[in-house]
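Because the structure is predicted, anything quoted here is derived from the model rather than measured. We number each residue from 1, following the sequence as shown.
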Amino acid sequence: MTAGGRLTAGGRATAGGREAAGRVTAVSRSASYAFSKPNHASITLLAGLGVEGDVHAGETIRHQFRMTYEPGLPNLRQVHLIHEELFDELALKGFAVSAGRLGENVTTRGVDLLGLPTGSLLRLGADAVVEVTGLRTPCSKINDFRAGLLNEMFAVDPLSDELTFKCGVMAVVRRTGTVRPDDTVEVELPAPPHRALERV
């Protein structure tokens, strides 16, 4: 991958024009605090805020628990994205999970979300752009949704012993736009050195 390049569907970075790395398969939002978010025909991303009409939209942190003791922190979790390939993996282990059920706003296919460096830009559809800020931290509510599912949200690298969180990535909205299922996802990498995603 090259600095400032965009990823093609095959994972190759190009320095030239926009290339689709994958696509949006579903979009979801909820006006209330609930673990899952219902699917919609479209969502509108608002620059600096998040998903219009979603409970997690705002300039400052909207995470229900963290708001109680860190209310003034900037909201680095305006948009939650999950790769649909995770659902395929979970299905092989007997867990039926579909778009929006883990609380994400944007479900994608064909994009290695977890492998992106911090600060990667994702163009969703024609106009919307989000900047990836970090990894979603899996919480105990995942087990309330499906018993035993929380254990599947982690993976340990056998070589480095490093723990990987598999429950998607968080982002902030850099450019307003509407996002729909079947929209393309274009990835623009930040300039090196790249910084691996951390929990936010």
By side chain to side chain contact (heavy atoms under 4.5 Å, CB included), which residues pair with [X], not counting sequence neighbours?
| X | value |
| --- | --- |
| T25 | R23, E84, T107, R109 |
| L163 | F154, V156, F165 |
| R101 | S36, V97, S98, F145, R146 |
| Q78 | N75, V172, V173 |

Self-check item: Residues that, via side-chain heavy atoms closer than 4.5 angstrom, fall in one hydrophobic cluster with L92
Solution: none
Quick one: does [X]'s side chain have a donor or acceptor within less than 3.5 Å of a partner on [Y]'s backbone?
| X | Y | value |
| --- | --- | --- |
| D183 | R180 | yes |
| T118 | R195 | yes |
| N143 | L150 | yes |

Is the closest side-chain heavy-atom distance between [X] and [Y] below 4.5 Å?
| X | Y | result |
| --- | --- | --- |
| L116 | V169 | no |
| L135 | L114 | yes |
| L81 | L122 | yes |
| V129 | E188 | no |
| L86 | M153 | yes |
| V179 | N105 | no |
| L189 | H194 | yes |

Quiz item: Which value, rounded to the nearest 0.5 Å, describes the distance between T60 atom OG1 and L49 atom CG?
Solution: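 Taking OG1 in T60 and CG in L49, the distance rounds to 10.0 Å.
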Exercise. Could you grab the distance from atom NZ of K93 to atom CG of L149, nearest 0.5 Å is fine?
Key: 10.0 Å
Closest heavy-atom contact between [X] and [Y]?
| X | Y | answer |
| --- | --- | --- |
| P181 | V27 | CD-CG2, 4.0 Å |
| V200 | T137 | O-OG1, 4.0 Å |
| L113 | I82 | CD1-C, 3.6 Å |
| I43 | V51 | CB-CG1, 3.9 Å |
| E104 | G100 | OE2-N, 2.7 Å |

Practice problem: Could you name each residue pair satisfying side chain to side chain donor-acceptor pair (under 3.5 Å) that touches residues 38-48, not counting sequence neighbours? | Solution: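 Sorted pair list: S28-N39.
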Any link between [X] and [Y] through a network of hydrophobic side chains (Ile, Leu, Val, Met, Phe, Trp, Tyr) touching at under 4.5 Å?
| X | Y | value |
| --- | --- | --- |
| L197 | V130 | yes |
| L102 | V132 | yes |
| V106 | V187 | yes |

Scan [range] for pairs that pass salt bridge (Lys or Arg N to Asp or Glu O under 4.0 Å), counting only residues two or more places apart or in two chains.
| range | result |
| --- | --- |
| residues 160-178 | E89-K166, E131-R174 |
| residues 48-61 | K37-D54 |
| residues 72-81 | none |

Listed once per pair and sorted, the ring-ring contact (aromatic ring centres under 6.0 Å, His included) pairs that draw on [range], sequence neighbours left out:
| range | result |
| --- | --- |
| residues 119-144 | none |
| residues 103-136 | none |
| residues 71-123 | none |

